[in-house]
Protein chains: 2
Amino acid sequence: MEKEKKISNAVVRRLPKYYRYLGDMLKNKIIKTSSKELSEMTGFSASQIRQDLNNFGGFGQQGFGYDVKNLCEEIGKIIGTDKKYNIIIVGAGNIGQAIANYTGFYENGYEVRAIFDKNPKMIGLSIKNNVIVDVDDMDEYLANNEIDMAVICTPKMVCQNIADRLVANGIKGIWNFAPTDINVPKDVALENVHLNESLFSLTYYYNQNLNNTDEN
Amino acid sequence: MEKEKKISNAVVRRLPKYYRYLGDMLKNKIIKTSSKELSEMTGFSASQIRQDLNNFGGFGQQGFGYDVKNLCEEIGKIIGTDKKYNIIIVGAGNIGQAIANYTGFYENGYEVRAIFDKNPKMIGLSIKNNVIVDVDDMDEYLANNEIDMAVICTPKMVCQNIADRLVANGIKGIWNFAPTDINVPKDVALENVHLNESLFSLTYYYNQNLNNTDEN
DNA sequence: TAGATTGTTAATCGATTAACAATC
DNA sequence: TAGATTGTTAATCGATTAACAATC
């Protein structure tokens, strides 16, 4: 078995950006590109881009550059966008509804299979092709359906409980929008979207800029 | 004038998490804490926490620890949550609506002053206290109202145009939810929430875990 | 062939961790 | 006073950048 070098989180976070720009180029029928060109688009240094790509193999051709279609496909394979994923959404409040309508799922092979909520007023309503189901029925649903990932859009009070139940039912990927940290076993992939932390970071830099301008 | 040491982005990203846990402790009437305790809560090392805090000043007491209330207030001041902010939302689609209903704004002193959209079917409808206004009237609105930050929730085709108009009208903070990169002058704070990139990172780690499990 | 650009090693830079003196 | 924990310096670690040989 090949010993795989551990890919740093910093690299992983850049892959989707490469993938997006390459997809754009592909749509515009651009055949070749280079680390220099990708650098201008992404803002990452050309050297860093070459380093990043060479973590996964030599996708380029010396003296020429990279074939856009090939590189895009290869990065897609690394990320895993070449596969299909069944997902569920837990919590049909503001964020849950927005996520249920999120076109990025359908454009990239993710299919929303079910939406759960505990509010009786929500249960039975439809979002896109899905009827909202009582969250009490979630465990049974998961036991009987092949679901890959779940999106947590519940209030923070219940999100750890939901996460525990998801994990107990074999879910191995969680996209968490609840504004708190949850604990999952290390074989479960967890991605947090903490809007509050994002807004506060923005606020810090906003004030930083104001202060710097004042000083002049 | 004191020469301010540049705070690294990594530190800035950790501040909101300290702030959140300290707020939780405050709510639970906990008086004192320590870098060790904060380490257990946040997952950051105690050493790193002390380093982070000492970028901004000595908030602790040797041999004792940190006063929760004081430290929480100090970090609030550093982030800027002690101030009020007027914001507008541009784009009243799925994400825009979710953001308009986002309780984090009201809980932290951010006030949504206006919501803009270009869809005639949306214009005139209300979200919370705000009537959705024609985006053609945005520039005039900004010229006549004191707005601090804007949230961009438009399709990616128009988001650079929106950003340019926001900047032209003096907006210095932009929270961008459109799935693309936008360019703003460096005195404008920009925070991107790229859901597609977040989902792809999750997908990468999801597959990584599956592969590692397979190998055993 | 000459020019261009990758792949890869080495150098640099910055962030994290370790250690411990200061001191409450 | 003894114990605890900060503030801060030094050591380590890891990521980014620079440089250049390989080669198309």
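- Defined by atom type and a distance below 3.5 Å, a donor-acceptor pair is missing between the side-chain atoms of A:Lys186 and B:Asn209.
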>> Across nucleotides 4-11 of chain C, 5' to 3', mark each nucleotide with B, S or - according to how protein heavy atoms within less than 4.0 Å reach it.
In response: BBBBBBB-

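- Of the residues A:Val12, A:Asp52, A:Leu15, the one that meets the side-chain contact (heavy atoms from CB on, under 4.5 Å) test with A:Ile7 is A:Val12.
- In this entry the distance linking NZ of B:Lys6 with P of C:dC13 reads 17 Å, nearest Å.
- Aromatic ring centres of B:Tyr66 and B:Phe59 lie farther apart than the 6.0 Å criterion allows.
- Rounded to a whole Å, the CD1 atom of A:Ile49 is 14 Å from the P atom of D:dA18.
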> So what does the secondary structure string of DNA chain C come out as, 5' to 3', with Watson-Crick or wobble pairs under 3.5 angstrom, [ ] for crossing and | for pairs with another strand?
Replying inline: ..||||||||||||||||||||||

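- Using modelled atom types, one finds a donor on one side chain and an acceptor on the other under 3.5 Å when comparing B:Asp181 with B:His194.
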> Yes or no on side-chain contact (heavy atoms from CB on, under 4.5 Å) for B:Leu142 and B:Ile171, after CA distance, side-chain angles and deciding distance?
Replying inline: CA-CA 8 Å; B:Leu142 289 172; B:Ile171 295 292; 4.0 Å; yes

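- Atom-to-atom, CD1 of B:Ile7 to P of C:dG14 comes out at 14 Å; the value is rounded to the nearest Å.
- Cation-pi check for A:Lys32 over A:Phe64 is met; the charged atom lies under 6.0 angstrom from the ring centroid and within 45 degrees of its normal.
- Between B:Tyr102 and B:Tyr110, a ring centre-to-centre spacing not shorter than 6.0 Å is recorded.
- A close approach under 4.0 Å does occur between a side-chain nitrogen or oxygen of B:Ser45 and OP1 or OP2 of C:dT17.
- Centroid-to-centroid, the aromatic rings of B:Tyr85 and A:Tyr206 come within less than 6.0 Å.
- Atom CG of B:Asn55 is separated from atom P of C:dG14 by 15 Å (rounded to the nearest Å).
- For the OP1/OP2 pair of D:dA15 and a distance below 4.0 Å, the side-chain nitrogens and oxygens of A:Arg14 include no atom meeting the criterion.
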